[in-house]
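It should be emphasised that the depicted structure is a prediction, and the values quoted were computed from it without experimental measurement. Whatever order the structure lists ligands and atoms in, that order sets their numbers, starting from 1.
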Amino acid sequence: MKVDLIVPCYNEEAVLRMFYEEAKKVADGIENYSFRFLFINDGSKDKTLSVMEELAAKDERVKYISFSRNFGKESAMYAGLKNSDADYTVVMDADLQHPPSLIPEMLAVMEEGYDCCATNRATRDNDSKIRQGLTNIFYKFINKISDVDMPNGAGDFRMMNRNMVKAVIAMSEVQRFSKGIFSWVGFNTKWISFKDVQRAAGETKWSFYSLFKYAVEGITAFSTAPLKAVTAFGSAVSLISLIYLIVVVADKITRGTDAPGYTSLMAALLFIGSVIILCVGIVGEYIAKIYMEVKNRPVYIIGKTNLEEPKHDYR
Ligand code: UDP
Ligand code: MG
């Protein structure tokens, strides 16, 4: 049986060797499975690629794909999955926040007959309180409004069988949101949890702004609820406006009151105005998605690789 470890790497020169040593130790301790380390260099600006080449030179199980520029972790995972042909495929981070020591347990779960063994972090002690709070709100919200179930704390660290990998790569959307995709394809998944650890070295690439963008991305990718909310809200405001209009006109006819006041006029004007802009913005988010999707650009472009028959994404 073959197992592929897919590891997206962006500026990971500080931890990559450490990761390899750890993963190799685990792989060497497992019998009956042949491992392959498939590193994806996502346009790193440091010496990540040289480290990959160096590892590949001394271990033939090490394969790498180097992108022509930074395409993002989603693209890196997609490239890895597309280029994997193993019975079991694992997606994991390079910074050792996804402990390779969990792999034997994952294999045992797969042997029980599951299609997928997914992991979630038991605690998030290493995140700030604000970030934890915002994360909780995001998951509550997205689970309410979308048709997929995304457990809080679920990372991308998981092992999948060939069937599931095929389904995941069949979802060839350009703007990928893997958490949603993994859940959308279904399959028999067992969840196991592991303790949250600090990244071994190097720095996280997530800022608050990028997390916010990620949240918007996730919501728009798997739910059209905001669009429906716009319609519902617009209808409600129209109804209220109509009633108010009738009141004002009736007042004018029966009592002859004129110029009902600058304050209420201004309030209504500003309120309706800002709501319209917000709604246009929400609609715009979806139009932007359609726009990028119809262009159908490749999700990644390979600059260099040591795979014999690399699978490109030229659509
Ligand atoms: N990563 C990537 N491309 C990017 C950003 C990140 O391939 O544009 C990789 C990174 O090298 C790491 C994984 O994605 O292996 C997770 O990144 P990070 O540790 O920064 O995220 P966090 O663990 O803080 O969520
Ligand atoms: Mg990390």
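- Those atoms of ligand 1 that come under 4.0 Å of a heavy atom in D42, given as number and element, are 2 (C), 3 (N), 4 (C), 7 (O), 8 (O).
- Of the possible donor and acceptor atoms, one in the side chain of T119 sits under 3.5 Å from a partner among the backbone N and O of F157.
- Inspection of the S183 and K179 side chains reveals no N or O donor paired with an N or O acceptor under 3.5 Å.
- Without hydrogens or angle criteria, T89 side chain to D85 main chain gives no donor-acceptor distance under 3.5 Å.
- Listed by number with element, the atoms of ligand 1 under 4.0 angstrom from any heavy atom of C9 are 7 (O), 11 (O).
- Distances between N or O atoms of A76 and those of ligand 1 include no value under 3.5 Å.
- Side-chain N or O atoms of D59 include none that pairs as donor or acceptor with a backbone N or O of L55 at under 3.5 Å.
- When the shell of 6.0 Å around CG of L270 is examined, it contains more than 12 heavy atoms from other residues, nucleotides or ligands.
- Evaluated for a side-chain hydrogen bond (donor to acceptor under 3.5 Å, both in side chains) with D4, the options K63, R36, R61 yield exactly one hit, R36.
- The cationic atom of R69 (NZ for Lys, CZ for Arg) lies less than 6.0 Å from the six-membered ring centre of F71 and within 45° of the ring axis.
- Proximity of N11 to ligand 1, defined as any heavy-atom pair under 4.0 Å, is not found for any part of the residue.
- A side-chain donor-acceptor contact under 3.5 Å links N70 to the backbone of D42.
- Heavy-atom contacts of D93 reach the following atoms of ligand 1: 13 (C), 15 (O), 16 (C), 23 (O) (cutoff under 4.0 Å).
- Annotation: E111, atom CD; neighbour count of heavy atoms from other residues, nucleotides and ligands within 6.0 Å is above 12.
- For ligand 1, the atoms sitting less than 4.0 Å from at least one non-hydrogen atom of D95 are 19 (O), 23 (O), numbered in the order shown with element in parentheses.
- Taking every non-hydrogen atom of E12 and a distance limit under 4.0 Å, the qualifying atoms of ligand 1 come out as 10 (C), 11 (O), 12 (C), 15 (O).
- Below 4.0 Å from some heavy atom of A94 lie the following atoms of ligand 1, by number and element: 15 (O).
- Residue-ligand proximity, G72 to ligand 1, at heavy-atom distances under 4.0 Å covers atoms 3 (N), 8 (O).
- By the criterion of side-chain heavy atoms lying less than 4.5 angstrom apart, applied directly or through intervening Ile, Leu, Val, Met, Phe, Trp or Tyr residues, V3 is grouped together with Y20 in one hydrophobic cluster.
- Atoms of the protein (N, O or S only) found under 2.8 Å from the Mg ion (ligand 2) are D95 OD2, Q97 OE1.
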